[in-house]
Chemist: 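Structure incoming, see below.
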Amino acid sequence: MNYSKYETMKQLIAGMKLPDYRYEQIIKAIFSQHTSAFEKMNTLPLELKKSLIDIFGPSVCCTIPVACQRSGQADKILFSLPDGNRVEAVNLHYKRGWESFCISSQCGCGFGCQFCATGTLGHKRNMTADEITDQLLYFYLNGHKLNSISFMGMGEPLANPNLFEALNILKDSSLFGLSQRRITISTIGIIPGIRRLTQEFPQINLAFSLHSPFDKQRSELMPVNRSFPLHEVMEALDNHIRHTGRRLFLAYVMLNGVNDSADHAKALVKLLQNRGPWSHLYHVDLIPYNATDKTTRKFVSSDKGTMKRFRDILHGEGISVATRTQFGSDIRAACGQLFGDEKD
């Protein structure tokens with residue numbers, strides 16, 4: 001079994017026949033004193049520090065930053081993982097002092113959405129729970145406030161079983177202590193993962209990447225639709241809302257001349273109005289497309305006028321809708337642009 005570092009620490013301390021409070025000292029050093037190196041944990045005996053370094057290396061974090069790009073309200077960090085794979089995470093910071101973090105869950109992605117740079121990499125492997133949470137630990141140890149977290153980076157979160165152990169780590173009151181309501185999971189529609197999230201983490205925010213209300217077109221843009229058809233995903237989302245009573249977010253990237261017509265807007269209205277008593281808990285986020293040179297098919301974002309007309313159709317029919325403000329597109333840190341390359 002692939003235990004998290006925190007479970008491994010407990011087992012190490014027990015195996016060395018040390019008192020349980022030694023684990024508490026390690027956790028205090030990390031999460032209260034912001035200590036990033038085992039060597040600097042001065043309350044620990046030398047033998048324990050040496051064993052921790054032998055197992056985990058000198059740093060508490062297994063994710064090593066190798067490059068950083070900054071742009072206005074967005075910073076993009078490229079992390080190297082222990083096996084040499086690379087992933088990216090984005091720190092969004094707002095004028096009122098709020099910080100939000102977009103993190104990755106897989107090395108690459110195997111689902112091949114036509115408009116996404118990450119999808120051109122293919123699936124390399126799932127990230128471990130430690131690799132997922134250490135992206136955030138890096139920011140935390142460097143003085144950042146983890147006000148909100150989104151799994152909207154590289155990879156499909158619900159296709160990685162290690163995600164659920166990562167969520168347990170994030171909400172553990174002795175570790176990160178994050179409220180579920182400060183975490184958002186974005187999915188392209190992995191139904192088994194949606195069902196598990198509904199049962200195990202009902203207060204976590206769920207966002208569904210829709211991008212077309214038409215099954216045929218959605219299958220062309222997002223091949224996952226052939227495995228998990230839209231109507232089946234919507235049934236799973238309905239069940240999620242019934243179980244949680246919480247608002248559910250639908251992400252809709254606006255592609256010029258592809259999915260931004262009045263017919264698309266009307267079909268989206270019909271899709272949501274057919275949800276019965278749960279319709280009011282669906283919220284649509286319209287997202288300007290962020291260009292990338294990685295995909296074979298080239299897309300352009302819908303213009304502001306088209307996006308307004310699309311939004312007005314939805315709003316006029318009582319659909320909750322907003323146009324999302326994007327940050328970091330100039331450093332390829334926005335939705336669909338993450339590629340895990342130092343040059344990007």
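FYI, side chains are in, hydrogens and waters are out, and symmetry mates aren't considered; it's all heavy atoms of this structure.
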Chemist: Going from CG on Leu230 to CG on Leu271, what distance comes out if it is rounded to the nearest 0.5 angstrom?
Modeler: 5.5 Å
Chemist: Using only atom types and a distance under 3.5 Å, with no angle test, would you say the side chain of Asp134 pairs donor to acceptor with the backbone of Leu137?
Modeler: no
Chemist: Run the side-chain hydrogen bond (donor to acceptor under 3.5 Å, both in side chains) test on Asp285 and His283 for me, step by step, so that the C-alpha distance in whole Å, both residues' side-chain angles and the decisive distance to 0.1 Å come before the verdict.
Modeler: CA-CA 7 Å; Asp285 279 321; His283 171 82; 3.0 Å; yes
Chemist: Looking only at the side chains, is there a donor atom on one of Thr198 and His240 sitting less than 3.5 Å from an acceptor on the other?
Modeler: yes
Chemist: Determine, step by step, whether Leu48 and Leu12 satisfy the side-chain contact (heavy atoms from CB on, under 4.5 Å) criterion, reporting the C-alpha distance in whole Å, the side-chain angles of both residues, the deciding distance to 0.1 Å, and the verdict.
Modeler: CA-CA 9 Å; Leu48 177 55; Leu12 172 64; 3.9 Å; yes
Chemist: side-chain contact (heavy atoms from CB on, under 4.5 Å) between Leu281 and Leu248: does it pass, once the steps are laid out?
Modeler: CA-CA 6 Å; Leu281 288 176; Leu248 197 145; 6.0 Å; no
Chemist: Tell me, do Ile149 and Thr184 make a side-chain contact under 4.5 Å, heavy atoms counted?
Modeler: no
Chemist: Using modelled atom types and a 3.5 Å cut-off, is there a donor and acceptor pairing between side-chain atoms of Gln33 and backbone atoms of Thr35?
Modeler: no
Chemist: Just verifying a value: how many Å separate Gln25 CD and Ile30 CD1, rounded to the nearest 0.5 Å?
Modeler: 12.0 Å
Chemist: Atom CD1 of Ile194 and atom CD1 of Ile191: how far apart are they, to the nearest 0.5 Å?
Modeler: 6.5 Å
Chemist: Is there a donor-acceptor pair under 3.5 Å between the side chain of Arg246 and the backbone N or O of Asn205?
Modeler: no
Chemist: Just say parallel, tilted or perpendicular for the rings of Phe31 and Tyr6, cut-offs at 30° and 60°.
Modeler: tilted
Chemist: Quick one, Phe79 and Cys62 - any side-chain contact, counting heavy atoms below 4.5 Å?
Modeler: no
Chemist: Is Lys298 salt-bridged to Asp293, cutoff N-O under 4.0 Å?
Modeler: no
Chemist: Taking atom CG of Leu268 and atom CG of Asp263, what is their separation to the nearest 0.5 Å?
Modeler: 12.5 Å
Chemist: For Thr244 and Gln203, work out which heavy atoms get closest and say how close.
Modeler: O-NE2, 4.5 Å
Chemist: With distance as the sole test, does Lys17 use its side chain to make a donor-acceptor pair with the main-chain N or O of Ala14 at under 3.5 Å?
Modeler: no
Chemist: Looking only at non-hydrogen atoms, find the nearest pair between His264 and Ser212 and report the distance.
Modeler: CD2-OG, 4.2 Å
Chemist: Measure the shortest side-chain to side-chain distance between Asp130 and Thr63 over non-hydrogen atoms and say whether it is less than 4.5 angstrom.
Modeler: no
Chemist: Main chain of Gln114, side chain of Arg297: is a donor-acceptor contact present, judged purely on distance under 3.5 Å?
Modeler: no
Chemist: Starting from Val60, can I reach Leu146 by hopping between I/L/V/M/F/W/Y residues whose side chains sit under 4.5 Å apart?
Modeler: yes
Chemist: Would you call Arg125-Glu131 a salt bridge at under 4.0 Å N-O?
Modeler: yes
Chemist: Just checking Lys49: does its NZ atom have more than 12 heavy atoms from other residues, nucleotides or ligands closer to it than 6.0 angstrom?
Modeler: yes
Chemist: Taking Val66's backbone N and O only, do any of them form a donor-acceptor pair with Ser80's side chain (distance below 3.5 Å, no angle check)?
Modeler: no
Chemist: Consider only side-chain heavy atoms of I, L, V, M, F, W and Y, link residues closer than 4.5 Å, and tell whether Ile188 and Phe249 are in one cluster.
Modeler: no
Chemist: What do you reckon, are the aromatic ring centroids of Phe101 and Phe139 less than 6.0 Å apart?
Modeler: yes
Chemist: If you measure from the Lys or Arg side-chain nitrogens to the Asp or Glu carboxylate oxygens, is any gap between Asp260 and Arg309 under 4.0 Å?
Modeler: no
Chemist: Is the closest side-chain heavy-atom distance between Asp312 and Lys308 below 4.5 Å?
Modeler: yes
Chemist: Mind checking whether Phe214 and Leu286 sit in one hydrophobic cluster, side chains of I, L, V, M, F, W, Y counted as touching below 4.5 Å?
Modeler: no
Chemist: Could you check whether the rings of Tyr289 and Phe299 sit parallel, tilted or perpendicular, using 30° and 60° as the cut-offs?
Modeler: perpendicular
Chemist: Is the closest side-chain heavy-atom distance between Glu39 and Pro58 below 4.5 Å?
Modeler: no
Chemist: Looking at every heavy atom in both Thr292 and Ala117, which two are closest together, and how far apart are they?
Modeler: OG1-CB, 3.4 Å
Chemist: Please report the shortest heavy-atom distance between Gln180 and Pro202, naming the atom on each side.
Modeler: OE1-N, 3.7 Å
Chemist: Test side-chain contact (heavy atoms from CB on, under 4.5 Å) on Ser320 and Val284; report intermediate values, then the result.
Modeler: CA-CA 6 Å; Ser320 176; Val284 179; over 6 Å; no
Chemist: Are any side-chain N or O atoms of Glu165 and backbone N or O atoms of Ala129, one a donor and one an acceptor, separated by less than 3.5 Å?
Modeler: no
Chemist: Kindly indicate whether the side chain of Thr133, heavy atoms from C-beta on, has any atom under 4.5 Å from the side chain of Tyr138.
Modeler: no
Chemist: Would you please say whether a donor-acceptor pair under 3.5 Å links the side chains of Ser100 and Ser148?
Modeler: yes
Chemist: Which heavy atom of Pro19 sits nearest a heavy atom of Ile13, and at what distance?
Modeler: O-CG2, 3.5 Å
Chemist: Around Asp54, counting heavy atoms of other residues, nucleotides and ligands shown, do more than 12 lie under 6.0 Å from its CG?
Modeler: yes
Chemist: His34 side chain to Leu141 main-chain N or O, any donor-acceptor pair under 3.5 Å?
Modeler: no
Chemist: How about Trp278 and Arg242: do any of their side-chain heavy atoms sit closer than 4.5 Å?
Modeler: yes
Chemist: Rounded to the nearest 0.5 Å, how far apart are OG1 of Thr323 and CD1 of Ile287?
Modeler: 10.0 Å
Chemist: With a 4.5 Å cut-off on side-chain heavy-atom distances among I, L, V, M, F, W and Y, is there a chain of contacts connecting Tyr21 to Phe38?
Modeler: no
Chemist: Could you check whether Glu47 pairs with Lys50 (Lys NZ or Arg NE/NH1/NH2 to Asp/Glu carboxylate O, under 4.0 Å)?
Modeler: no
Chemist: Only one of Phe310, Phe115, Phe208 clears ring-ring contact (aromatic ring centres under 6.0 Å, His included) with Tyr252; which?
Modeler: Phe310
Chemist: Assess, by modelled atom type and distance only, whether the side chains of Thr187 and Glu156 contain a donor and an acceptor separated by less than 3.5 Å.
Modeler: yes
Chemist: Does a side-chain heavy-atom distance below 4.5 Å link Leu250 with Leu272?
Modeler: yes
Chemist: Just by distance, with hydrogens left out, do Gln199 and Arg196 show a side-chain donor and acceptor under 3.5 Å apart?
Modeler: no
Chemist: Check the hydrophobic clustering (I, L, V, M, F, W, Y; side-chain heavy atoms under 4.5 Å; chains of links allowed) and say if Ile26 and Ile53 are grouped together.
Modeler: yes
Chemist: Give a yes/no verdict on a cation-pi contact between Arg247 and Tyr282, requiring under 6.0 Å between NZ or CZ and the six-membered ring centre and an angle within 45° of the axis.
Modeler: no
Chemist: How about Asn256 and Asp303: does a side-chain donor come under 3.5 Å of a side-chain acceptor?
Modeler: no
Chemist: Quick one: does any side-chain atom of Asp75 pair with a main-chain N or O of Arg70 as donor and acceptor, under 3.5 Å?
Modeler: no
Chemist: Test Ser150 against Ser186 for side-chain contact (heavy atoms from CB on, under 4.5 Å), laying out the working first.
Modeler: CA-CA 7 Å; Ser150 65; Ser186 177; over 6 Å; no
Chemist: Do Phe111 and His123 have ring centres separated by under 6.0 Å?
Modeler: no
Chemist: Just by distance, do the side chain of Arg22 and the backbone of Thr43 share a donor-acceptor pair under 3.5 Å?
Modeler: yes
Chemist: From Leu170 CG over to Ile204 CD1, what is the distance, rounded to the nearest 0.5 angstrom?
Modeler: 8.0 Å
Chemist: Tell me whether Lys145 is salt-bridged to Glu99, with the criterion being a basic N under 4.0 Å from an acidic carboxylate O.
Modeler: no
Chemist: Closest heavy-atom contact between Asn160 and Met127?
Modeler: ND2-O, 3.0 Å
